[in-house]
Amino acid sequence: MPPRKVVLDTNCFIDASASDVANAAFEAFTTQAAPRLYLSSVVSAELRAGSTEPAERKQLEDEILHPYERRGRVVTPSAAAWHALGDALATLVRDEGLELRTVKRSFVFDILIAYSCREIGALFVSGNIQDLDRIARVFAFDYAAPYPDLATI
């Protein structure tokens with residue numbers, strides 16, 4: 001059986017830039033997981049949106065985005081993922097009283113990423129387990145907090 005694919009959430013990349021300790025944990029995991037790592041186009045968009053300075057943008061593209069693109073390891077939400085997004089939000093409105101006008105963009109993006117991971121059989125790694133628990137009440141997908149032991153996945 002081929003190794004399990006892994007998709008990192010935007011918060012993994014952002015947290016890695018926040019401290020040396022977080023960066024060391026990120027680097028250790030990504031080095032070990034490199035053959036299995038995929039990038040969500042949603043995460044790419046979020047990282048691009050947060051990178052406004054030309055030098056910062058060039059570094060983002062050279063060191064993070066382009067390596068995934070060159071290897072054909074970018075996961076893009078399908079039409080089914082977009083349908084699942086609408087269905088998940090409707091279910092949460094009905095079952096949990098979610099108010100659409102208050103939904104954070106990051107929650108919407110996490111639904112798209114989660115469904116995309118489900119479609120390719122990938123593990124979604126995120127620091128936002130509370131939101132992923134909520135999404136998992138609507139549809140099944142695999143997820144873990146940073147950084148899981150690769151021997152167990």
Side-chain angles (χ1 to χ4, degrees), residues 1-52 55-89 91-92 103-153:
M1 182 163 78
R4 182 85 181 274
K5 296 174 184 174
V6 176
V7 175
L8 298 175
D9 197 0
T10 307
N11 58 56
C12 295
F13 292 95
I14 293 171
D15 291 349
S17 67
S19 75
D20 290 341
V21 172
N23 187 56
F26 177 84
E27 289 291 330
F29 180 79
T30 57
T31 297
Q32 184 182 15
R36 313 172 172 202
L37 283 177
Y38 286 74
L39 178 70
S40 170
S41 60
V42 175
V43 171
S44 176
E46 287 183 296
L47 293 173
R48 286 175 185 276
S51 178
T52 58
E56 183 181 77
R57 171 61 68 93
K58 181 168 177 18
Q59 182 179 11
L60 171 68
E61 290 176 354
D62 290 349
E63 295 178 16
I64 297 173
L65 305 179
H66 288 158
Y68 286 99
E69 292 166 0
R70 278 192 309 272
R71 290 174 178 86
R73 291 189 178 203
V74 177
V75 179
T76 300
S78 66
W82 285 98
H83 294 301
L85 167 62
D87 293 344
L89 290 173
T91 298
L92 292 170
V103 174
K104 291 182 181 179
R105 181 179 55 236
S106 62
F107 183 70
V108 171
F109 289 163
D110 283 348
I111 295 171
L112 285 172
I113 299 166
Y115 202 85
S116 297
C117 287
R118 172 188 163 128
E119 290 182 313
I120 66 166
L123 178 71
F124 184 17
V125 176
S126 175
N128 195 355
I129 295 300
Q130 183 177 356
D131 281 350
L132 299 188
D133 286 342
R134 193 174 193 190
I135 297 165
R137 290 195 296 268
V138 180
F139 62 82
F141 68 101
D142 294 329
Y143 59 98
Y147 292 104
D149 179 2
L150 291 174
T152 64
I153 60 171

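None of these values were measured; they are calculated from a predicted model.
For the residue pair Ala145 and Ile129, the shortest heavy atom distance occurs at N-CD1, 3.6 Å. Closest heavy-atom contact between Pro77 and Trp82: CB-NE1, 3.7 Å. Heavy-atom minimum distance, Thr52 versus Ala49: CG2-O, 3.9 Å. Residue Tyr115 comes nearest to Ala81 through the heavy atom pair CD2-CA, 3.5 Å, listed as atom of the first residue, atom of the second, then distance. Contact between Leu60 and Ser51 at its shortest, heavy atoms only, is CD2-CB, 3.8 Å. In this structure, Ala16 and Asn23 approach most closely via the heavy-atom pair O-CB, 3.1 Å.
For Tyr143, the side-chain hydrogen bond (donor to acceptor under 3.5 Å, both in side chains) partners two or more places apart in sequence, or in a different chain, are Asp133. Partners of Gln59 by side-chain hydrogen bond (donor to acceptor under 3.5 Å, both in side chains), not counting sequence neighbours, listed by chain and number: Glu63. Considering only residues two or more places apart in sequence or on other chains, Ser126 meets the side chain to side chain contact (heavy atoms under 4.5 Å, CB included) condition with Asp9, Asn11, Phe124, Asn128, Leu132.
We find the CZ-CG distance between Phe139 and Leu85 to be 8.5 Å, quoted to the nearest 0.5 Å. Distance check, rounded to the nearest 0.5 Å: OG of Ser44 to CZ of Phe13 gives 9.5 Å. Taken to the nearest 0.5 Å, the CD1 atom of Ile14 stands 7.0 Å off from the CD atom of Glu46. Separation of atoms CG (Leu39) and CD1 (Ile64) is listed at 8.5 Å; rounding is to 0.5 Å. Taking SG of Cys117 as the reference point, atom CG of Leu112 lies at 11.0 Å (rounded to 0.5 Å). The CZ atom of Arg36 sits 13.5 Å away from atom OG1 of Thr30, with the distance rounded to the nearest 0.5 Å.
Ile135 is listed as a side-chain neighbour of Phe107, based on a closest heavy-atom distance under 4.5 Å. Side-chain contact between Val125 and Cys12: present, with at least one pair of heavy atoms (C-beta onward) separated by less than 4.5 Å. Looking only at side-chain heavy atoms (C-beta outward), Phe29 and Leu8 come within less than 4.5 Å of each other. You'll find the side chain of Pro148 reaches within 4.5 Å of the side chain of Leu123, heavy atoms only. Lys5 places none of its side-chain heavy atoms less than 4.5 Å from the side chain of Val75.
Under a cut-off of 6.0 angstrom, the local environment of CG in Asp149 is crowded, with over 12 non-hydrogen atoms contributed by other residues, nucleotides or ligands.
Under a cutoff of 6.0 Å and an axis angle of 45°, Arg73 and Tyr68 do not form a cation-pi pair.
At distances below 3.5 Å, at least one donor-acceptor pair connects side-chain atoms of Arg71 with backbone N or O atoms of Pro67. Proximity of a side-chain donor or acceptor of Thr31 to a complementary backbone N or O of Ala28 within less than 3.5 Å is not detected.
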Report task. Evaluate side chain to side chain contact (heavy atoms under 4.5 Å, CB included) for Tyr147 paired with Phe26, printing each intermediate quantity in order. Result -> CA-CA 8 Å; Tyr147 292 104; Phe26 177 84; 3.2 Å; yes
**Report entry** Steps toward side chain to side chain contact (heavy atoms under 4.5 Å, CB included) verdict (Asp131, Lys104)
**Finding:** CA-CA 11 Å; Asp131 281 350; Lys104 291 182 181 179; over 6 Å; no
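Salt-bridge formation is detected for the pair Arg4/Asp142: a Lys NZ or Arg NE/NH1/NH2 atom is positioned less than 4.0 Å from an Asp or Glu carboxylate oxygen.
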